[in-house]
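Working notes, structure below.
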Amino acid sequence: MSNKPLSGPCPCGRTDQRARPLQYALCCGRYLEDFAGTPAPDAESLMRSRYTAFVREQADYLLATWHASTRPAELSFAPGTKWLGLDVRSRSVLDADHARVEFVARQRDAAGTASRLHERSNFVREPDGELQRWYYVDGEAG
């Protein structure tokens, strides 16, 4: 759990039917703040929640949602990085337990240099006790 505010618009940029930003608590916050009981329902929601975890620097969530076959031992954040936005380009359901999400995430480093991460991320769904949970496996730079 983060010490960052739980109110305000969700960093992932998801909007409602009227194009209004969803609040963090109603969007990715439910997954990040209740990992044990509320898994992301699909690969896109997991990808968005992982972006939000990067914005909020919640390494525990990122590691927990990273598939064990590719998960790093630890994760650190570059000081001064500011995430500027997320654009989901496409989402593909490959079968009931595999999906791909293409996105572009924009950021600015501590020196003010902007960059874009364009990736096609692969996800797998596996049982986790009584729940089914999506995991990030890997990504291909676009």
Side-chain angles (χ1 to χ4, degrees), residues 1-68 70-72 74-142:
M1 196 138 122
S2 173
N3 60 357
K4 298 198 178 191
L6 301 179
S7 61
C10 190
C12 84
R14 187 171 263 174
T15 59
D16 66 15
Q17 295 172 344
R18 295 183 179 166
R20 295 178 301 201
L22 286 179
Q23 294 297 300
Y24 171 76
L26 299 175
C27 193
C28 296
R30 56 191 159 165
Y31 313 128
L32 275 78
E33 304 303 325
D34 183 25
F35 175 79
T38 309
D42 54 53
E44 180 184 351
S45 296
L46 178 62
M47 190 279 307
R48 286 179 174 279
S49 69
R50 287 176 55 81
Y51 171 83
T52 297
F54 272 104
V55 171
R56 297 171 62 85
E57 297 186 353
Q58 289 185 243
D60 57 340
Y61 182 82
L62 290 164
L63 292 170
T65 58
W66 210 312
H67 194 267
T70 57
R71 179 186 309 133
E74 60 184 46
L75 189 62
S76 61
F77 301 96
T81 296
K82 179 168 176 55
W83 291 92
L84 305 172
L86 175 67
D87 177 28
V88 175
R89 298 279 175 92
S90 67
R91 61 212 49 76
S92 306
V93 175
L94 306 176
D95 61 37
D97 296 320
H98 297 87
R100 180 173 289 142
V101 178
E102 180 180 1
F103 69 90
V104 175
R106 297 176 296 112
Q107 67 178 14
R108 179 165 291 134
D109 67 19
T113 303
S115 62
R116 297 161 49 101
L117 170 64
H118 181 188
E119 183 175 294
R120 284 177 295 281
S121 297
N122 298 303
F123 297 87
V124 63
R125 187 172 67 156
E126 294 181 344
D128 178 19
E130 298 286 318
L131 302 171
Q132 289 287 315
R133 192 176 295 280
W134 284 95
Y135 294 93
Y136 169 77
V137 178
D138 59 18
E140 304 159 17

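Counting from 1, the numbers follow the sequence of the chain as shown.
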Taking atom OG of Ser49 and atom CZ of Arg14, what is their separation to the nearest 0.5 Å?
9.5 Å
As an exercise, state the distance from CG of Leu131 to CD of Glu126, rounded to the nearest 0.5 Å.
13.5 Å
Residue pairs meeting side-chain hydrogen bond (donor to acceptor under 3.5 Å, both in side chains), one or both in residues 92-101, sequence neighbours left out, come to Asp95-His98, Asp97-Arg125, Arg100-Asn122
Sequence neighbours excluded, which residues qualify as ring pair (Phe, Tyr, Trp, His ring centres under 6.0 Å) partners of Trp66?
Tyr136
I need the Arg71 CZ to Asp138 CG distance, nearest 0.5 Å.
14.0 Å
Ignoring hydrogens and geometry beyond distance, is a side-chain donor-acceptor pair present between Tyr24 and Arg56 at under 3.5 Å?
yes
Hey, are the side chains of Phe123 and Val137 touching, using non-hydrogen atoms and a 4.5 Å cut-off?
no
Thr65 side chain to Tyr135 main-chain N or O, any donor-acceptor pair under 3.5 Å?
no
Heavy atoms of Thr38 and Arg30 approach each other most closely as CB-O, 3.6 Å
In the structure I gave you, are the side-chain heavy atoms of Phe103 and Leu86 within less than 4.5 Å of one another anywhere?
yes
Measure the shortest side-chain to side-chain distance between Gln132 and Pro39 over non-hydrogen atoms and say whether it is less than 4.5 angstrom.
no
As an exercise, state the distance from CZ of Arg50 to CG of Leu32, rounded to the nearest 0.5 Å.
10.5 Å
Ignoring hydrogens and angles, write down the donor-acceptor pairs under 3.5 Å from the side chains of residues 105-118, residues two or more places apart or on other chains.
unit_1, atom_1, unit_2, atom_2, d
Arg106, NH2, Leu84, O, 3.1
Gln107, NE2, Ser115, OG, 3.4
Arg108, NE, Gly112, O, 3.3
Asp109, OD1, Ala111, N, 3.0
Asp109, OD1, Gly112, N, 3.0
Asp109, OD1, Thr113, N, 2.9
His118, NE2, Glu102, OE2, 2.6

Could I get the full list of side chain to side chain contact (heavy atoms under 4.5 Å, CB included) partners for Ala40, not counting sequence neighbours?
Tyr31, Ser45, Leu46
Cation over ring, Arg133 on Phe35, under 6.0 Å and within 45°?
yes
Option from Val101, Val88, Leu22 for which side chain to side chain contact (heavy atoms under 4.5 Å, CB included) with Arg48 holds:
Val88
On the 0 to 90° scale, with breaks at 30° and 60°, tag the Trp83-Tyr51 ring pair as parallel, tilted or perpendicular.
perpendicular
Please identify each residue that fulfils salt bridge (charged side-chain N to carboxylate O under 4.0 Å, His left out) with Asp34, with sequence neighbours left out.
none
Residues in salt bridge (charged side-chain N to carboxylate O under 4.0 Å, His left out) with Asp16, at least two apart?
Arg20
Validation row: Cys27, Cys12 side chains within 4.5 angstrom (heavy atoms)
yes
